[in-house]
Visitor: 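What follows is a single structure, and I will ask about it in a moment.
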Amino acid sequence: MTGPPTHATPADAAQAEAVQLRLRRHVRLDDSGPAPGAPGTVAGVDVAYDDGRGVVAAAAVVLDAVTLDVVEEATAVGPVAFPYVPGLLAFRELPAVLDALGALHRTPDLVVCDGYGIAHPRGFGLASHLGVLTGLPAFGVAKNPFTFRHAPPAARRGAHTPLLDGDTEVGRALRTREGVKPVFVSPGHRTTLDSACAHTLALTPAHRLPETTRRADRLCRAALRAAA
DNA sequence: GCGACAG
DNA sequence: ATCTTGTCGC
C-alpha cells in the first residue's frame with residue numbers, strides 16, 4: 001500500500017531521512033500551478049524561534065498575486081519538534097507552518113518558502129516537503145547558496161546563473177535588485193524553475209526578498225513576542 | 001579525520 | 001535562526 005504522507009515527527013535523523021526518501025517520489029515539477037502574472041493568491045510562510053523556551057511561531061500571509069495586497073494572515077505557536085540539522089529543516093519548521101496554513105480561511109494558489117525545494121541533499125527540501133504534504137504548488141527562495149555552486153549573475157535585476165549540484169541545475173541564483181546579492185530559487189512542487197523565478201521577480205518590486213517572505217517574517221516574529 | 005552546512 | 005548600535009544611503 002502507498003499510505004498517506006506522514007505528519008508525525010521522526011524520532012531521529014535516520015528516520016527523518018527515510019521519510020524524505022519515501023515522500024520525494026510524490027514531487028511533480030510541472031506547470032499545474034498558477035502562471036506568473038495570472039490572477040490569484042500567493043502565500044508566504046516563515047518561522048521564528050525562542051530556543052531558550054523551545055517555542056516556535058509560524059506565520060502564513062496570503063497576498064493578491066497581482067497587487068501584492070495582503071488578503072489574509074494566520075499564525076500558529078507550538079513547541080519546537082526537531083533540532084536544526086542541515087538537510088532536515090522541514091521537520092523543524094513544517095509542523096508549525098502547516099498549522100498556520102490550516103488556520104487560513106482560504107487556500108492559497110501557491111506557497112513561497114524560506115529555504116529550498118529540490119535543491120537539497122536528497123532532492124526534497126522544505127518547499128518540496130510542504131508541497132507534497134499539502135498538495136499545493138510551492139517553491140523556495142533562500143538567502144544562501146547552501147552547499148551548491150554558482151557563478152555570480154550579472155548586476156542587473158533579473159540576471160541569473162544556474163545553481164549546480166554537480167552538473168545538474170537544481171535552482172538558480174537570481175538577482176532581484178540591481179547590484180544586490182542574489183537570492184537562490186528552486187522549485188518545490190507543481191512548478192518549474194522558470195516559473196518559480198518569474199514568480200520571484202513578480203514578488204520583488206522593491207526589495208531583495210519576496211514580499212511574501214518579508215511579510216511572513218515580520219508576522220511570525222510578532223507572534224513569537226506575543227506568545228511570551 | 002576536518003570542515004561545510006537552507007533556517 | 002539568534003545575539004546586537006549606530007550609520008550610510010535611497
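Order of the sequence lines fixes the chain letters, A, B, ..., with proteins taken first and strands second; residue numbering starts at 1 for each chain.
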Visitor: Measure CG/A:L130 against C1'/B:dA6 and give the value in whole Å, please.
Guide: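 Rounding to the nearest Å, CG of A:L130 and C1' of B:dA6 are 15 Å apart.
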Visitor: Would you indicate, yes or no, if B:dA6 has its OP1 or OP2 atom less than 4.0 angstrom from a side-chain nitrogen or oxygen of A:Y84?
Guide: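 Checking A:Y84 against B:dA6: at least one side-chain N or O falls below 4.0 Å of OP1 or OP2.
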Visitor: On DNA chain C, does the nearest nucleotide to A:R177 precede the nearest nucleotide to A:L224 from the 5' side, or the other way round? Give the residue.
Guide: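 Counting from the 5' end, the first nearest nucleotide belongs to A:L224.
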Visitor: To the nearest Å, how far apart are A:L89 CG and B:dA6 P?
Guide: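 Rounding to the nearest Å, CG of A:L89 and P of B:dA6 are 9 Å apart.
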Visitor: Over how many whole Å does the gap from A:L174 atom CG to B:dA6 atom P extend?
Guide: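 Going from A:L174 (CG) to B:dA6 (P), I get 20 Å.
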Visitor: Find the distance A:I118:CD1 to B:dA6:P and express it as a whole number of Å.
Guide: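 The distance from CD1 of A:I118 to P of B:dA6 comes to 18 Å, rounded to the nearest Å.
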Visitor: Applying a 4.0 Å non-hydrogen cut-off, can you work out what A:A48 is touching in the nucleic acid: base, sugar-phosphate, or nothing?
Guide: sugar-phosphate
Visitor: Between A:R172 and A:S186, is any side-chain donor less than 3.5 angstrom from a side-chain acceptor?
Guide: no
Visitor: In whole angstrom, give the distance that lies between atom CG of A:D114 and atom P of C:dT2.
Guide: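 Distance, rounded to whole Å: 11 Å.
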Visitor: Can you label the angle between the A:F146 ring and the A:Y116 ring as parallel, tilted or perpendicular, going by 30° and 60°?
Guide: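 Parallel.
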Visitor: Please determine, by modelled atom types, if A:E93 and A:Y49 share a side-chain donor-acceptor pair under 3.5 angstrom.
Guide: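 Yes - a donor-acceptor pair under 3.5 Å links their side chains.
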Visitor: Going by distance alone, is a donor N or O of one side chain under 3.5 Å from an acceptor N or O of the other, for A:D194 and A:T192?
Guide: no
Visitor: Measure from NE2 on A:H129 to P on B:dG7 and round the result to the nearest Å.
Guide: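 After rounding, the reported distance stands at 18 Å.
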Visitor: Rounded to the nearest angstrom, tell me the gap between atom CG in A:D217 and atom P in B:dA6.
Guide: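 Whole-Å distance recorded here is 17 Å.
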Visitor: Which of these nucleotides, B:dC5, B:dA6, C:dA1, is closest to any side-chain atom of A:H120?
Guide: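 Among B:dC5, B:dA6, C:dA1, the one nearest the side chain of A:H120 is B:dA6.
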Visitor: Which whole-number value in Å describes the distance from A:L94 CG to B:dA6 C1'?
Guide: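 For the pair A:L94 CG and B:dA6 C1', the rounded distance is 13 Å.
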Visitor: Output yes when at least one side-chain N/O atom of A:K143 is less than 4.0 Å from OP1 or OP2 of B:dA6, else no.
Guide: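 So the side chain of A:K143 is outside the cut-off, no N or O lying under 4.0 Å from OP1 or OP2 of B:dA6.
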Visitor: Contact class for A:G140 vs. all strands (heavy atom < 4.0 Å): base, sugar-phosphate, or nothing?
Guide: nothing
Visitor: With respect to the phosphate group of C:dA1, does any side-chain polar atom (N or O) of A:R221 fall under 4.0 Å of OP1 or OP2?
Guide: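 Yes, within the criterion.
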Visitor: For A:L88, which contact category applies under a 4.0 Å heavy-atom criterion: base, sugar-phosphate, or nothing?
Guide: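 Base contact.
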Visitor: Are any side-chain N or O atoms of A:T134 and backbone N or O atoms of A:L130, one a donor and one an acceptor, separated by less than 3.5 Å?
Guide: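 Such a contact is found between A:T134 side chain and A:L130 backbone.
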Visitor: Tell me whether the side-chain N/O atoms of A:N144 come closer than 4.0 Å to OP1 or OP2 in B:dG7.
Guide: yes
